[in-house]
Amino acid sequence: MKLSAAFYRRPDVVTIARELLGKHLFTRIDGVLTGGRIVETEAYAHINDQACHSHLGRFTKRTKIMYEAGGVAYVYLIYGRYALFNIITNEAGKADAVLIRGLEPTEGVDEMLLRRGLMVASAKLTAGPGLLTQALGISTAHYGTDVTGDLIWLEDRGEQIPDEQVLASPRVGIDYAGADAALPWRFRVLGSKWTSPAK
DNA sequence: GTAGTGATGCACT
DNA sequence: GTGCATCACTACT
C-alpha cells in the first residue's frame, strides 16, 4: 500500500522517521523501477534543532520546499557532488524533514549497478545517503517532487520492525549543531549491512 | 588519514 | 553586484 500524504503530515517527525524503517522506497526514473527497504533514517525538526536547515525559521531558496505540507521530496547537493534525499513532513509552515540514509535494494538491482558503475551487488551499492540517491537515479532535478506520485513513492508492505531491532543514536556529521547534535534522532535497523558506514 | 567538489548563504560593497 | 567560508559526503592512499 502506498503511503498517503496523511502519513507525512502528522506533527511528530521523530515518530515518522522511526516508522519509515521497514517501509519501501521506489523510484520510476527514465521509466525504470528501482527501490528497496528503508533501513536507516534521521529526523530533522524545525524547532529546537540547530542541525535542521530550516531551524529558527531560516527561509531561503533552498529550504523553501521544507515549508510545504508534508509529502514532497527535499533533494539537495552536498559537497558539490552528492544528492541527499529527504521527505518533508508535518503541515505547511512547519518545516520538518526525514533524511533517508540507508536502503536495502530489492527492485531494479541491475539498473542500480549500472548507475553506480559496479559489476556486482555489494554493500557499496547503497552504502551512504549520497550513494543510494545515485543508485535510485534521484538528483536535484527531483527537488519538490510529490512522494505520493508515480515518480517517487513509498509503500507499506505490512512489515513492522520491532523495537529491539531498532537502534536510536545521535545523527551523523552535524557537529556544528552543538548540543543538538546529541539528540538520538538517527534510526537504524540492527544487523543490516545496508546501513551507512559512517560512525 | 586526506583531497576534492560546487551550490549555497551571508557579508560586504 | 562580488568574494569567500561553509557543508546532513565519498573515494582514494
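Everything quoted here is computed from the prediction, not taken from an experiment. As a basis for the values below, the full set of heavy atoms in this structure was taken, side chains included, without hydrogen atoms, waters or symmetry mates.
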Can you measure [X] atom [atom1] to [N] atom [atom2] for me and round it to whole angstrom units?
X	N	atom1	atom2	result
Ile138(A)	dC9(C)	CD1	P	16 Å
Leu125(A)	dT10(C)	CG	C1'	15 Å
Arg171(A)	dC7(C)	CZ	P	15 Å
Asn86(A)	dC7(C)	CG	P	17 Å
Ile78(A)	dG4(B)	CD1	P	18 Å
Tyr176(A)	dC7(C)	OH	P	7 Å
Leu183(A)	dA8(C)	CG	C1'	14 Å
His53(A)	dT6(C)	NE2	P	15 Å

So do the side chains of [X] and [Y] get within less than 4.5 Å of each other, counting heavy atoms only?
X	Y	value
Leu154(A)	Ile38(A)	yes
Arg115(A)	Gln134(A)	no
Ile152(A)	His142(A)	yes

Taking side-chain contact (heavy atoms from CB on, under 4.5 Å) as the criterion, tell me which of Leu20(A), Leu25(A), Val147(A) meets it with Leu3(A). Leu20(A)
Could you tell me the Watson-Crick or G-U partner of dG1(C), where both distances fall under 3.5 Å? Say none if there is no partner. dC12(B)
Tell me the partner of dA3(B), counting only Watson-Crick (N1-N3 plus N6-O4 or O6-N4) or G-U wobble (N1-O2 and O6-N3) with both under 3.5 Å; none if nothing fits. dT10(C)
Kindly point out which of [options] is positioned nearest to the side chain of [X]?
X	options	answer
Leu77(A)	dC9(C), dA8(C), dA7(B)	dA7(B)
Lys61(A)	dA8(C), dG9(B), dT10(C)	dG9(B)
Tyr82(A)	dA8(C), dT10(C), dG9(B)	dT10(C)

Nearest-nucleotide wise, let me know which of Gln134(A) and Cys52(A) is further upstream toward the 5' end of DNA chain C. Cys52(A)
Output yes when a side-chain donor or acceptor of Glu40(A) lies under 3.5 Å from a complementary backbone atom of Ser196(A), and no otherwise.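 Yes, the answer is positive, given that a donor and an acceptor are paired below the 3.5 Å cut-off.
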Would you say Arg81(A) reaches dG6(B)'s phosphate, i.e. side-chain N/O to OP1/OP2 under 4.0 Å?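 So the side chain of Arg81(A) is outside the cut-off, no N or O lying under 4.0 Å from OP1 or OP2 of dG6(B).
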Taking only the side-chain nitrogens and oxygens of Tyr76(A), find out if one of them lies under 4.0 Å from OP1 or OP2 of dT8(B). no
According to the 5.5 Å centroid and 30° plane-angle thresholds, does Tyr44(A) stack upon the nucleobase of dA8(C)? yes
